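The structure appears below as structure tokens.
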Amino acid sequence: MSRFRFDLFVFLLASVHFAPALSDLVITKLDRRIDLTSQIVRMTLTLRVENTGPDPVSEVSLTFPEHQANNLALLVAVSTEGRGKNRGSATNLPITVKQPENSPQSLIWYVASLPKALGKGESLNMDALAVFTHSLKPFPEKITQAEPQLFLFQDSSHFTSPYKVKIQSVIVKLPSENVESYSKLENTKYSGSEIKYGPYENVPALSYSPVVIHFPSNKPFAVAKELVREIEISHWGNVQVTEHYNLIHGGAQSTGEFSRLDFQARPNVRGASAFRNLIAMLPPRAHSIYYRDAIGNISTSNIYGDSSKTLLEIEPRYPMFGGWKTSFTIGYGLPLRDYLFQSGGTRFLNFTFGSPMNDVLVENLTLKVVLPEGSKDISVSIPFPVKQSQETTYSHLDIAGRPTIVVEKVNVIPEHNQYFQVHYKFSNISLLTEPLMLIFGFFSLFVACIIYMHADFTISKSSSSYLAKQQWDEVLATIQQLQDIINRCLSIHDKLEASLRELSRTGDVQVCKAVRKSADSWLKDLSKDLKPLLALLQSSPQATHILPKVEELVLKERDLQEKIMLKHTTVVDSYEKKSGGRDIENRVAAIQQKISSLKQELDDLLEFVEDI
Ligand SMILES: *[C@@H]1O[C@H](CO)[C@@H](O)[C@H](O)[C@H]1NC(C)=O
Ligand SMILES: *[C@@H]1O[C@H](CO)[C@@H](O)[C@H](O)[C@H]1NC(C)=O
């Protein structure tokens with residue numbers, strides 16, 4: 001509280017030394033209405049100005065204290081001639097900020113230029129709308145889940161006009177009939193949800209009479225710290241809109257533990273200051289609407305629609321309390337014909353500027369309009385000042401990239417949701433580049449397919465080359481089977497040799513004999529399987545060049561098999577006759593040598609066959 005008291009003090013001090021320069025104008029009647037029913041404060045002014053001086057006047061100044069001007073998001077003024085029922089149509093007045101030299105620092109001047117100068121004794125009606133953001137201060141700044149959210153609002157019961165005001169009043173509209181406290185001045189009336197100050201008569205220029213109102217509000221204080229809106233034009237019939245939000249509850253900070261149980265049981269008491277959903281008002285023919293965050297699609301959203309609008313109700317994953325943040329993206333497609341028009345040789349996009357969500361204040365808006373590749377002579381017209389630049393966006397099939405208009409603006413309020421236009425030139429040849437690329441691509445693919453199919457069809461089923469190919473495949477399959485059999489034989493050889501090593505360790509002849517018996521029967525079976533394979537290869541003309549090696553492989557295996565059997569019999573016999581170890585070794589030494597060399601030869605042959 002003490003801080004803005006100080007502001008007022010400085011302001012009043014400064015104004016004492018200032019003698020207004022434009023004192024020939026007098027405001028004969030001024031009505032102000034201040035709407036505090038949402039986080040955005042709207043002040044409407046209805047005034048009648050009279051020129052009491054001898055010289056014509058062509059400007060009317062509206063002045064606001066610096067602390068208000070800093071939060072001024074929008075100021076528009078219109079003038080109307082005549083009075084009451086005879087009021088003419090409204091004319092928009094251009095407004096510029098112009099600080100007279102002798103003005104106090106703490107007062108900011110907004111000068112409206114009149115369409116025609118006001119002569120001596122003439123009067124004019126003016127209506128103005130001033131919209132302020134960040135003007136409601138949570139007090140207390142921190143509350144728990146169960147506490148009510150209260151705000152402070154400060155202003156003056158006298159409008160800080162540089163002109164004398166003959167009669168004025170101000171009505172402040174609150175969100176509910178409840179008020180914690182309010183400044184009680186002369187002529188103050190509180191009824192329903194409105195507080196009226198005035199009427200006050202003959203108030204001198206630059207008068208300031210502070211008013212402070214402390215009141216509860218549970219309106220959603222949804223503030224988009226950042227909103228990036230992308231509008232992508234496709235000349236193939238679609239406008240794609242994608243909006244990335246970084247949202248915070250901008251009201252009183254939530255402290256203490258949050259209990260979802262409490263919240264769910266009595267949301268109006270234990271979470272009155274939270275908001276659970278937001279409504280986006282999308283155009284009527286919006287389609288392919290989605291709403292997602294970093295985790296994925298959020299299904300707790302609803303879409304309602306009629307012929308004039310589409311309502312998208314989005315519900316974040318948790319209720320939003322003061323200071324809580326959430327990030328999400330919504331996207332939708334729109335028919336191009338509703339937004340893109342032609343005039344002369346140029347095309348223009350006519351689209352709305354701000355967020356489609358009415359209750360959201362956007363602190364930083366970045367608007368990107370992605371034009372089709374090949375667009376030229378681009379110009380943008382937006383009905384209020386913005387920061388503007390250009391970049392290039394690339395997507396599939398782009399060669400030069402898509403020209404992209406980037407517009408940035410701070411403190412965007414629903415009133416900024418006006419139409420803006422992007423004009424550009426585009427030759428229809430450019431429109432055809434991508435399809436031509438596609439057509440060319442598909443054509444090439446098609447040609448390649450034909451060539452391939454053609455090539456394949458030359459091997460017709462009756463032709464000799466087709467037969468040869470089939471036979472060769474058969475040969476390969478046969479060799480594969482044959483190879484498997486040889487490998488199985490080799491593993492049985494290994495088992496036999498292992499049984500001999502086991503014998504030398506345990507001396508158990510019976511076990512060794514059992515292994516031999518089963519090995520004999522397996523090898524017999526395998527040799528039976530081998531016969532037809534070998535016969536097939538011998539009969540195939542395709543196999544002639546590899547047949548010698550294959551036959552050699554089979555013979556060598558048989559040879560090895562015999563030698564191993566011989567070794568086995570010899571060793572087992574020696575054990576039965578209880579010969580000494582050295583004796584046995586001597587008897588099998590020669591066989592063992594033969595076995596080793598055969599194994600080597602077999603390995604080489606197998607390697608050769610594998611490479612076929
Ligand atoms: C999200 O929903 C959209 C539209 O219903 C769908 O096309 C998309 O595949 C969904 N994405 C995920 C990740 O579920
Ligand atoms: C843009 O569209 C709006 C709504 O359809 C229309 O009122 C306005 O005149 C259009 N602006 C231009 C420049 O075409």
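For ligands, and for the atoms within them, numbers begin at 1 and follow the listed sequence. Computed from a prediction, not measured in an experiment: that's the story for all the values here. Because only heavy atoms are used, hydrogens play no part in the values below, and waters and symmetry mates are left out as well, while side chains stay in.
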Taking atom 13 (C) of ligand 2 as the reference point, the nearest protein heavy atom with its distance: Gln421 NE2, 3.4 Å
Closest to atom 3 (C) of ligand 2 (judged by heavy-atom distance), picking from Asn350, Leu349, Asp338: Asn350
With a 4.0 Å cut-off on heavy atoms, is Phe348 in contact with ligand 2? yes
Under the 4.0 Å line, does any protein heavy atom show up next to atom 9 (O) of ligand 2? no
Ring-plane angle category for Phe348 and Phe341, please: parallel below 30°, perpendicular beyond 60°, tilted otherwise. tilted
Side chains of Gln68 and Asp155, donor plus acceptor under 3.5 Å: yes
Is atom CD of Glu141 surrounded by more than 12 heavy atoms (other residues, nucleotides or ligands) closer than 6.0 Å? no
Side-chain donor/acceptor pairs under 3.5 Å, residues 222-229, sequence neighbours excluded:
unit_1, atom_1, unit_2, atom_2, d
Lys225, NZ, Glu363, OE1, 3.1
Arg229, NE, Glu243, OE2, 2.8
Arg229, NE, Gly354, O, 3.4
Arg229, NH1, Thr352, O, 2.8
Arg229, NH1, Phe353, O, 2.9
Arg229, NH1, Gly354, O, 3.0
Arg229, NH2, Glu243, OE2, 3.1

